[in-house]
Every structure is written in structure tokens, then in C-alpha cells.
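Okay, structure first, notes after.
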Amino acid sequence: MQLNLKLAVIAAAVALAACGKKEEAAPAAASAPAAAPAQVIKIGHVGPTSGAIAHLGKDNENGARMAIEELNAAGLTIGGAPVTFELLAEDDAADPRQGVAAAQKLIDAQVAGVVGHLNSGTTIPASQLYHDAGLVQISPSATNPQYTRQGFPGVFRMVADDTQLGGTLGRYAVETLGAKNVAVIDDRTAYGQGVADEFEKAVVAAGGTVIGREFTNDKATDFNAILTTLRARNPDVVFFGGMDAVAGPMLRQMQQLGINAKFMGGDGICTGELPRLAADALGEERVFCAEAGGVEGDERAGMDKFRADFRAKFGMDVQVYAPYVYDAVKVMASAMVTAGSADPAAYLPALKAIDHQGVTGRIRFDEKGDIVNGALTLMTYKGGERTTIAVIR
């Protein structure tokens with residue numbers, strides 16, 4: 001019994017040792033490689049999301065948000081690595097000093113590029129900072145020609161400039177509306193003065209007479225003094241270089257003073273908000289304006305879909321330039337993908353060579369950064385709604 005017990009204990013010990021050796025010899029299960037975290041690429045947007053034209057700034061910002069969400073849903077890779085885009089949105093309140101401060105914040109946040117600003121008066125001073133920092137800037141709506149004539153290689157414009165915009169409106173006033181005597185008012189901003197200057201030159205070249213040039217500012221609400229002066233000169237057309245927040249009250253005061261002239265302006269007044277701002281002073285086919293952009297023919301389907309998607313997402317209609325912001329974000333990202341890098345120095349050549357079909361049409365840039373073959377959409381208002389007259393290139 002004792003011998004058998006001893007043999008059993010020895011056998012058990014041997015078996016246990018063998019089991020231990022097997023466990024030691026068994027290799028550990030190979031762990032799955034951890035997924036590489038997505039690189040975060042920051043894109044800045046700046047517009048006036050406070051102040052009198054906050055509705056235009058928010059419109060632009062919403063266009064940027066739509067583009068960012070779609071880019072992230074697409075699961076893009078840049079240089080073989082997955083990426084996530086992040087929008088850094090800043091408010092410049094349409095004020096040049098605040099615009100410069102907003103630009104510096106984006107530079108400090110190390111964004112890979114900037115879409116903005118909305119106004120020429122904020123875009124131009126901010127462009128110097130972006131240039132010094134080596135950043136790419138695409139403005140969706142700044143129309144003052146100076147913006148792309150500074151010699152900065154990283155600036156781009158999505159729309160036609162004031163030379164085309166003001167010039168087209170000036171010729172239209174004389175040649176189509178039959179105006180002989182034209183009055184011009186501007187708000188002294190880079191945009192307002194620039195588009196008014198081009199309008200005035202075109203009126204004179206077409207054979208019209210400028211009977212008065214008056215000035216206000218972009219925050220004014222009382223125009224009785226300048227309008228009374230112009231009323232005595234009996235203008236056929238009053239042109240205003242400025243934004244809809246000022247144009248609306250100006251139209252109401254023109255009505256109160258019995259000035260029955262046609263009212264014209266650039267893209268700054270050519271908004272969906274103008275009917276509310278002008279109320280019954282808007283009239284029928286009294287206001288004529290031009291949007292610095294536009295699509296026609298087969299390209300309308302893409303724009304119509306964008307507008308429907310925008311309304312479904314944000315519960316409001318496009319004001320003016322949300323589609324141009326959307327396309328600007330998309331072409332910036334496309335250039336990064338092509339270059340395999342989000343470094344502005346690396347993707348800038350790809351952006352200069354871009355040929356992209358966006359919701360705003362075919363997007364290519366010339367050597368200055370201006371849109372190639374930029375369109376203008378002439379519009380009027382009927383029944384309180386914008387109505388397209390023609391798309392001109």
C-alpha cells in the first residue's frame with residue numbers, strides 16, 4: 001500500500017510538471033495591432049456672426065459646417081493616413097480690427113488653411129497675417145480687386161470681383177434700364193466704395209451722367225440728409241455700395257421722401273433678407289442687384305440640391321454665399337488629398353492647379369488666385385422674392 005501510494009504521488013507530480021511545461025511553452029496569443037488614430041486637420045472659417053449682417057456670416061459658417069461633415073463622413077486619407085477635419089469658426093463682426101484678431105487666433109491654433117473672410121474690409125488686412133504665417137486663404141465672397149493683387153501666392157477668390165460686378169451693373173443701368181441721371185452712395189468700406197467706383201466708371205463709359213456721389217457708413221440708419229440732396233437732382237437710378245442691413249432702411253426712407261428711382265446694388269444687398277429689411281419699399285422690379293457668382297444649364301441641378309439639403313439641415317434658405325464657402329472647403333481638402341499633405345506649403349501647388357466641379361460650377365484659379373470665368377447673376381425682386389434675370393460671364 002505504501003509503495004503504491006508513493007508511486008501514485010510521483011506520477012501525479014510528473015504529470016503536473018509536464019502540464020506546467022506545456023503552459024510555459026504555449027506562445028501568448030498575438031494581439032491585434034492598434035488602429036492608427038486619425039490625424040486632425042483644422043480648417044478655419046471667419047465671418048461676421050454678430051452685428052448687423054450676422055445673418056450673412058452665419059450663412060457662410062453653415063456652408064463650411066456642411067462641407068466638414070461630408071468630408072468626415074467620406075473617411076478620407078491623406079498621405080495614407082486617416083484624417084478628421086475640424087472647423088474652427090471665428091467672428092469678425094465685419095470689423096477690420098476684429099478680423100485681424102480673429103486671423104491671429106487661427107494662426108495661433110495652427111490651422112491648415114482658412115476659408116474667409118466675408119467682407120473685403122476684413123479679408124484684405126487679415127490676408128497679410130495669413131501670408132506672413134505661410135497659410136492658404138480662400139475668400140468665398142470678398143470682391144475688392146486689391147485682395148488678389150497684393151502678390152500673395154496663397155490667396156484665392158471664389159467669385160468675380162468688383163471690376164466685373166460694378167461694371168456690369170453700371171452698363172445695365174444705362175443700356176437696359178435707360179437711366180440718364182444716376183446717383184451713387186457708398187458706405188466707405190473697402191467693398192462698398194470699391195463696387196461703387198466701378199459702377200460709376202461703367203455708367204460714364206456707357207453714356208450716363210453721375211449727378212451726385214454721397215457717403216454714409218456701414219452702421220448708419222438715418223439717410224434723410226443725403227437722400228434729400230439727391231431728390232432735388234431727380235435721379236433715375238440710385239446705386240448703393242454696401243450691405244443689405246443698410247440698404248433696407250435706405251429704401252424705406254427713399255419711399256418716405258417720394259424718391260421713385262430704381263435702386264441698385266452689388267451682392268451685398270442681393271440677399272434673401274432684403275425683403276424683410278425693406279418691407280413694402282422693396283416694390284416690384286424696383287431693386288436690381290448682382291450676385292458675384294451663378295450657375296446655369298446642367299449645373300443648376302447641383303446648386304438646387306445643395307439649397308434643398310441646406311434648408312433641410314438648418315431650417316432656413318441660403319442667403320448668398322454658403323455654397324461658395326462649401327466649395328472652398330471642399331477644394332482645399334481636395335488639394336490636401338492630391339498633395340498627400342495638409343502642410344500649406346505642400347498642398348498649395350495642388351490648389352493652384354485645381355480643376356473641381358462644385359455646386360457653384362467649375363472651379364479653377366488664375367495666376368493671381370481669382371476664379372477663372374467667374375459668373376455674375378443679375379437679379380430683381382418680384383413678389384418679395386429674388387428673381388434671376390440672367391447669368392453673365
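Nothing fancy with the numbering, it's 1 onward along the sequence.
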Using modelled atom types only, decide if a donor and an acceptor are shared between the side chain of D186 and the backbone of G192 within a distance under 3.5 Å.
no
Run T189 and D218 through side-chain hydrogen bond (donor to acceptor under 3.5 Å, both in side chains) and show every step you take.
CA-CA 7 Å; T189 65; D218 59 349; 6.0 Å; no
For V359 and G302, which heavy atoms make the closest approach, and how far apart are they?
CG1-O, 3.9 Å
Flag yes if I389 and I269 sit in one hydrophobic cluster, no otherwise; membership is Ile, Leu, Val, Met, Phe, Trp, Tyr, and two members link when side-chain heavy atoms are under 4.5 Å apart.
no
Rounded at 0.5 Å granularity, tell me how far OG1 in T360 sits from CE in M303.
6.0 Å
For K313, is there an ion pair with D309 - N to carboxylate O distance below 4.0 angstrom?
no
Going from CG on D222 to CG on L227, what distance comes out if it is rounded to the nearest 0.5 angstrom?
9.0 Å
Using modelled atom types and a 3.5 Å cut-off, is there a donor and acceptor pairing between side-chain atoms of N72 and backbone atoms of F85?
yes
Is it true that a side-chain atom of D236 and a backbone atom of N181 form a donor plus acceptor pair closer than 3.5 Å?
yes
Does the Q164 side chain pair with the main chain of D161, one donor and one acceptor, at a distance under 3.5 Å?
yes
Which pairs, with at least one residue in residues 337-354 and sequence neighbours excluded, count as a side chain to side chain donor-acceptor pair (under 3.5 Å)?
none
Ion pair check, R386 and D317, cut-off under 4.0 Å
no
Which one of E367, K368, R157 satisfies the side chain to side chain donor-acceptor pair (under 3.5 Å) criterion with T148?
R157
Looking only at heavy atoms, the pair that brings L282 and G384 closest together is CD2-CA, 4.0 Å
Under the 3.5 angstrom rule, does the side chain of R393 hit a backbone N or O of N373 as a donor-acceptor pair?
yes
Would you list the pairs meeting side chain to side chain donor-acceptor pair (under 3.5 Å) in which at least one residue belongs to residues 275-286, sequence neighbours left out?
E273-R276
Checking Q253 side chain against F223 main chain: does a donor-acceptor pair fall under 3.5 Å?
yes
Taking R213 first and then D197, would you say they form a salt bridge - that is, a charged N and a carboxylate O separated by under 4.0 Å?
yes
Evaluate the criterion side-chain hydrogen bond (donor to acceptor under 3.5 Å, both in side chains) for residue pair S127 and Q150; output intermediate values, then yes/no.
CA-CA 9 Å; S127 67; Q150 302 174 92; 3.0 Å; yes
Would L71 end up clustered with L87 when hydrophobic side chains under 4.5 Å apart are linked, directly or stepwise?
yes
When clusters are formed by joining ILVMFWY residues with side-chain heavy atoms under 4.5 Å apart, either directly or through shared neighbours, do L165 and L118 land in the same one?
yes
Passing option when D92 is tested against R97, Q98, H117 for side chain to side chain donor-acceptor pair (under 3.5 Å):
H117
Nearest-0.5 Å distance that lies between atom OG1 in T377 and atom CE in M379:
5.0 Å
What closest approach, in Å, do I78 and G340 show between heavy atoms, and which atom pair accounts for it?
CG2-C, 3.4 Å
Reference residue L135; test side-chain contact (heavy atoms from CB on, under 4.5 Å); the match among V155, L106, L348, I107
I107
Between atom CG of L169 and atom SG of C289, what is the distance when rounded to the nearest 0.5 Å?
8.0 Å
Nearest heavy-atom contact between A179 and V182 is CB-CG2, 3.9 Å
Tell me, which pairs form a salt bridge (Lys or Arg N to Asp or Glu O under 4.0 Å) where one or both residues lie in residues 73-91, sequence neighbours left out?
E90-K105
Give every residue pair that meets the salt bridge (Lys or Arg N to Asp or Glu O under 4.0 Å) criterion with at least one member in residues 321-336, sequence neighbours excluded.
E70-K330
N144, D267, N119 screened by side chain to side chain donor-acceptor pair (under 3.5 Å) with Y191, the one that passes
D267
Give a yes or no on whether the backbone of V331 and the side-chain of S334 come within a donor-acceptor separation of less than 3.5 Å.
no
Between the side chain of N62 and the main-chain N/O of F310, is any donor-acceptor distance below 3.5 Å?
no
To check you understand the geometry: which heavy-atom pair defines the closest contact between I392 and L378, and what is its length?
CD1-CD1, 3.2 Å
Distance, nearest 0.5 Å, that separates CG of N224 from CG of L257
5.0 Å
Show the numbers, then the answer: is there a side-chain hydrogen bond (donor to acceptor under 3.5 Å, both in side chains) between D162 and T143?
CA-CA 5 Å; D162 287 340; T143 55; 2.5 Å; yes
Backbone of A93 reached by a side-chain donor or acceptor of S50 within 3.5 Å:
no
Compare every heavy atom of A292 with every heavy atom of A160, then report the nearest pair and how far apart it is.
O-CB, 3.6 Å
Using a strict threshold of under 4.0 Å (side-chain N to carboxylate O), is an ion pair present between R362 and D355?
yes
D366 side chain vs D370 backbone, donor-acceptor pair below 3.5 Å
yes
Contacts satisfying salt bridge (Lys or Arg N to Asp or Glu O under 4.0 Å) that involve residues 245-261 (not counting sequence neighbours) are none
Check this for me, if you would: do E69 and R65 make a salt bridge, where the nitrogen-to-carboxylate-oxygen distance has to be below 4.0 angstrom?
no
Sort and list the pairs that fulfil disulfide (SG to SG under 2.5 Å) and have at least one residue in residues 291-325, not counting sequence neighbours.
none
When rounded to the nearest 0.5 angstrom, what distance separates CE in M336 from CD1 in I41?
5.5 Å
Over 60° means perpendicular and under 30° means parallel, so classify the ring planes of Y321 and Y324, tilted if in between.
perpendicular
Give me the ring orientation class for Y172 and F288: parallel if the planes are under 30° apart, tilted from 30 to 60°, perpendicular past 60°.
tilted
